[in-house]
Structures are given as structure tokens and as C-alpha cells.
Trainee: 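Dumping the structure here so I can ask a few things about it.
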Number of protein chains: 2
Amino acid sequence: MSPNHPPSSLAPGADGQAVSGVGAAIAATRAPRGQARAALIAAAHSMVRKQGYAATTVDQICAAAGVTKGAFFHHFASKEALAVAAAEAWTERARPMFEMPPHTQLGDPLARLLGHIDFRFAMLDGPVEEFTCFVGTMVQEAFATSEPIRAACEASIAAYCAALVPDIAAAIDVYDAPEDVTALGLAQHIQAVLQGSFILAKTTNDPAIARESVTHLKRYIRMLFAPPGAP
Amino acid sequence: MSPNHPPSSLAPGADGQAVSGVGAAIAATRAPRGQARAALIAAAHSMVRKQGYAATTVDQICAAAGVTKGAFFHHFASKEALAVAAAEAWTERARPMFEMPPHTQLGDPLARLLGHIDFRFAMLDGPVEEFTCFVGTMVQEAFATSEPIRAACEASIAAYCAALVPDIAAAIDVYDAPEDVTALGLAQHIQAVLQGSFILAKTTNDPAIARESVTHLKRYIRMLFAPPGAP
DNA sequence: GACAACATACCAACCAGTCGGTATGTAGAT
DNA sequence: ATCTACATACCGACTGGTTGGTATGTTGTC
């Protein structure tokens, strides 16, 4: 679903305690038996977000996960297979974003949509590598060289967009929007703005420039669904 | 300036003939003496856009440029130094985008701005790696691991945004826009949408999804500067 | 004791960068 | 104009360290 830093503890077990909070550091403790797979995926998430996929080595992931190479290749046939599994896990890790936050309780679909944008806006804080998107980063490097990774990233992004579609479709029904605006198309545009804002944030190593862009996105959505005749 | 595929032959000499048109292939001929540096930079542009920075090896760049490793390290102290030089060259390669196209002749600043968006829209065609952004791709991987590369990419993006500012500022003067819209902020938003649309295009390996997003961007800009009371 | 979940030791390929050497130009003196 | 002296451009074999992956041993669990 292409999320970023999911609200801590909303993805139970996804963040193996083997990965220290600061992300790229080496795991202090060894991962408990039975949690190697989850720890490896969590380590891949944080390391790839910081360094990119190709620059992140299997050894680094193992070290960050508190696991040896033997465990790695016991659970994954290759580095590429881990990447695919991590992309799928990323989708799951994002799910709570659509179920938990308060704005999901609102009755008006437009209010829910705008609430989601606010939610994403609020995420744009702290170190850049903690709010950027794992699959967005990875597909950038792998789209032409690894078809399995590309497809997994596409699925994750598509799942995020699909989760936005119902509220957008309902908003299109209730308010009047330009004819050629589709729910899926707008959902994809929202995702594009988020992904683009991550890149700008990386150029400055600061979230401020990303917040500016999401503010424009929110204004656009408000204007799209403005009651006709309102100022 | 974070362009993409600059209109062919608008960047004279930047595309060393050593690099074949298909991008990642090995150079058919050896680069003529005196053009090794330019050929290496052009090769870096095409290979990094397709594979990413870390996954692209110095040997691959040399092969694509039709040059040996000796020449590489004669011109660049390191792979990182080439990356910085290539980012600077990318800025230059984008410059014609703001000087040549017909829309730059228009009198109305908003028309010029919309013309530029159309121009970018028209670029979203063909293989993904031929319209995506070199510095956007590279900063994604290097923002946390190479400060020189990060800074060079920031400068390139900033130059692109700065080139958009005059027209946007003039449009803000002529038409009335919301108070908190700044010329630089909107320029950065335009850049964010473009970068984000590139990422979506990479997920599907198809430009269509990127065009959709740029269409939303154009509608937003038209709405922002709409004469009050117009439908 | 059998099977999954690991750990350890190891390897062949690969990678960025080095180094001694060659080819090509160029400026000044004659 | 030609020779000398030097600089720049380029070549390609080599190296030390790294990388993804393997082969085999060990430990815990039912």
C-alpha cells in the first residue's frame, strides 16, 4: 500500500525488536528463534529506505536483523525473493493506516479523504528515511532489472490506491467534480504527489518541502469537490 | 534542472555518439579522443536512469561510453565524482527546455506555464527510462550516504524550480491566487508531481499513469488562476 | 529421532580503484 | 620547419576487499 512510517505499534510484530529504533544500526540482540523472517523483512524496510536496494547488502540486512546468513537463505531463496516478500509485507504494514485513524469514522466521504491527506501530512516529520516509501524507493531501482520486484511494488501501490477509491468515488457522487475525474485516477495522483514529495524531501534532507506539496494537494482536492458557487 | 529526455539534439554534444540510442547497450565504436568525459557522463545518465546508481558499475559505464577504466579515472577521481559531474551536466542538459519550445514566446505568463506543463506531458512517452529524471533517481539512493551527490541533486532540482518561478510569479500578479500560494512553492509542487509520476510510471512500466497525474496538475493550476466567477 | 530453524565456514565472481606505460598534442628554441 | 621538453588523454592488466550464494554442522522442538 505504499505507506510510510506506520503509526508505531499499529503493525504488530512487523517491527521485530531486533531492529533498533534508529533504523540502520546493527541489532543489539540476536533475534529470538522463530522471528528471523520478520526481523529480516523489517531490517530490509529500514535499510532500503535509507540506502536504496542495490546498495544494501545481504550481510547488512542480516546484521541489522540480528541473524546470520544461514537464516537469511533458509527463509529466502535470494536477495530478490526477500525484496518481493518485503514489498508484500509493506502492503500489510500500511493497512492500519486506513482502519485506525479517527478520520475514518467521519460520515462524509470528502471529510474522510481530506482527513487521510491530513494524516499523511502529519507523517512528514522527522528523519526522511522514516517517512518515505519502501516500495517507491525500490521500484525506482528495479523496474527495468527485476520483473518480480517491479510487479510486487506495483501491487503494493495499487493496493494503496484501491483503498482510497471508495471514499473518492463516494465524494464524486455526492459533490460534483469535473467529468473526466475518476476515483482511481485521483487516487493515483494522490500517490504520485506523495511519492514526489518524498523525492523533494530527499534532495533537501528535510520534510518541509514535502509538506508544502501535500498542502497543494489538499487544496486541489478541496477545489475539485467545492460546492458550485462557493467562493 | 531535473529534466527528462531533452528534445533530441537540443543538448549539442551532451550525447556522445559513443552511446548508442538504445541506452544501456555497449558502445559500438570507441569514443574519439577528447570526448571521453562527455561520453562517460552521457553513459552515466542513461545507465543510472535505467538501473539506478548503485547497481551501475564503473565498468558498465566505461563500456557504454566506449572508453576504458583508465580514461574514467583520468577524468574523475571516483564514481561519486562522476555522479556529481553528471548531476551538474543534467542541469545544463535541461536548459533548452526553457528556451526553445514555442510556448515560451507567449505573452501571458499563465499560458507560458500551462504550455510548459503541456511540454512535460508530451515528454511522457516511450520507454520509461527515457523520460525519467536522472537526479531524481540518484538522490533517492544517495541522499543519506553521499552528501556531495545529495547536494548536487538538490542544486539541479532547485535550478529547475527557479526557472519556473518568474512565470509563476507573474501569473500570481496578474490573476488572483490564494494568498498562501508562493511562486517557489508551486514550482516545487510541479516538480514533485513530475517526480511522483515517474515513480508511478516505473511501477507499471508504462507512461499512461504518469500522464494522468500531470493532467491533474494542469487542472489544478488552471483552477488556481481561474478568473473569479468563471465556471 | 526427525525435522525445521538456525549458525559457521567457505567460495567464485565481481567491484572500485591503482599503476606503469603509450599515444597524441603543444609550446618554445633554433 | 623541425626538434626537444613537457602535458594531457588514454589504455588495460592487476589488486584487495566485497558480494550473493552454498555446503555443512548445530540446536531446539514436537
Side-chain angles (χ1 to χ4, degrees), chain A residues 13 16-19 24 26-44 47-48 51-86 138 141-142 145-146 148-149, chain B residues 13 16-19 24 26-44 47-48 51-86 138 141-142 145-146 148-149:
Chain A
Q17 60 273 58
V19 177
I26 293 176
T29 77
R30 175 148 290 176
R33 191 180 175 91
Q35 301 196 3
R37 188 189 151 96
L40 283 165
I41 288 177
M47 302 227 46
V48 169
Q51 307 181 356
Y53 172 70
T56 299
T57 71
V58 171
D59 283 317
Q60 284 177 333
I61 295 174
C62 291
V67 153
T68 63
K69 239 173 173 179
F72 185 103
F73 286 100
H74 173 72
H75 288 285
F76 305 103
S78 64
K79 187 189 177 189
E80 185 183 48
L82 165 70
V84 171
M138 206 165 56
E141 297 177 59
T145 49
S146 168
I149 293 180
Chain B
Q17 61 271 58
V19 178
I26 292 176
T29 76
R30 174 148 292 175
R33 188 184 174 87
Q35 300 196 4
R37 189 189 150 95
L40 284 165
I41 287 178
M47 302 226 49
V48 169
Q51 308 182 356
Y53 172 70
T56 300
T57 70
V58 171
D59 282 315
Q60 284 177 332
I61 295 174
C62 291
V67 153
T68 63
K69 237 171 173 181
F72 184 101
F73 286 101
H74 173 73
H75 288 285
F76 305 103
S78 63
K79 187 187 176 189
E80 184 183 47
L82 165 70
V84 170
M138 206 165 54
E141 297 177 59
T145 50
S146 167
I149 293 180

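Keep in mind that the numbers below use all heavy atoms, side chains included, and drop hydrogens, waters and symmetry copies. Throughout, a chain's letter reflects where its sequence line sits, starting with A, and its residues are numbered from 1.
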Trainee: Could you state the OH-P distance from B/Y53 to C/dC15, rounded to the nearest angstrom?
Mentor: 14 Å
Trainee: Over all heavy atoms of both residues, which pair between A/Q60 and A/A55 is shortest? Give the atoms and the distance, please.
Mentor: OE1-O, 3.6 Å
Trainee: Working to the nearest 0.5 Å, report the span between CG of B/L40 and CD of B/Q35.
Mentor: 11.5 Å
Trainee: Rounded off to whole Å, could you give me the CD-to-P distance for the A/E80 and D/dG20 pair?
Mentor: 13 Å
Trainee: Provide, to the nearest angstrom, the distance between the CD1 atom belonging to B/I61 and the C1' atom belonging to C/dA16.
Mentor: 11 Å
Trainee: If you take all heavy atoms of B/A54 and B/K79, which pair is closest and at what distance?
Mentor: O-NZ, 3.7 Å
Trainee: Mind pulling the stems DNA chain D is in, i.e. runs of at least three Watson-Crick or G-U pairs, everything under 3.5 Å?
Mentor: C:1-30 with D:1-30
Trainee: First locate atom CD of B/E141, then atom CD of A/Q51, and finally report the distance between them rounded to the nearest 0.5 Å.
Mentor: 11.0 Å
Trainee: Between protein and nucleotides 13-19 of chain D, what N or O pairs are separated by less than 3.5 Å?
Mentor:
none

Trainee: Considering residues at least two apart in sequence or located in another chain, which fulfil the side chain to side chain contact (heavy atoms under 4.5 Å, CB included) criterion with B/S146?
Mentor: B/E80, B/A142, B/P148, B/I149
Trainee: To the nearest Å, give me how far apart CZ (B/F73) and P (C/dC15) are.
Mentor: 13 Å
Trainee: Hey, could you give me each pair passing ring pair (Phe, Tyr, Trp, His ring centres under 6.0 Å) that has a residue in residues 51-72 of chain B? Not counting sequence neighbours.
Mentor: B/F72-B/F76
Trainee: Might you point out which heavy atoms bring A/M138 and A/A83 nearest each other, and give the distance in Å?
Mentor: CE-O, 3.5 Å
Trainee: Between atom CZ of B/R37 and atom NE2 of B/H75, what is the distance when rounded to the nearest 0.5 Å?
Mentor: 8.0 Å
Trainee: Pick out the pairs of N or O atoms, protein on one side and nucleotides 7-9 of chain D on the other, that lie under 3.5 Å.
Mentor:
{"from": "D/dT8", "atom 1": "O2", "to": "B/R33", "atom 2": "NH2", "distance (Å)": "3.3"}
{"from": "D/dA9", "atom 1": "OP2", "to": "B/H74", "atom 2": "NE2", "distance (Å)": "3.2"}
{"from": "D/dA9", "atom 1": "O4'", "to": "B/R33", "atom 2": "NH2", "distance (Å)": "3.0"}

Trainee: Specify the separation, in whole Å, of atom CZ of A/R37 and atom P of C/dA4.
Mentor: 16 Å
Trainee: Looking at residues at least two apart in the chain, or sitting in another chain, which of them share a side chain to side chain contact (heavy atoms under 4.5 Å, CB included) with B/K69?
Mentor: B/V58, B/D59, B/C62, B/F73
Trainee: Taking all non-hydrogen atoms of both residues into account, name the closest pair between B/A44 and B/A86 and its distance.
Mentor: CB-CB, 4.5 Å
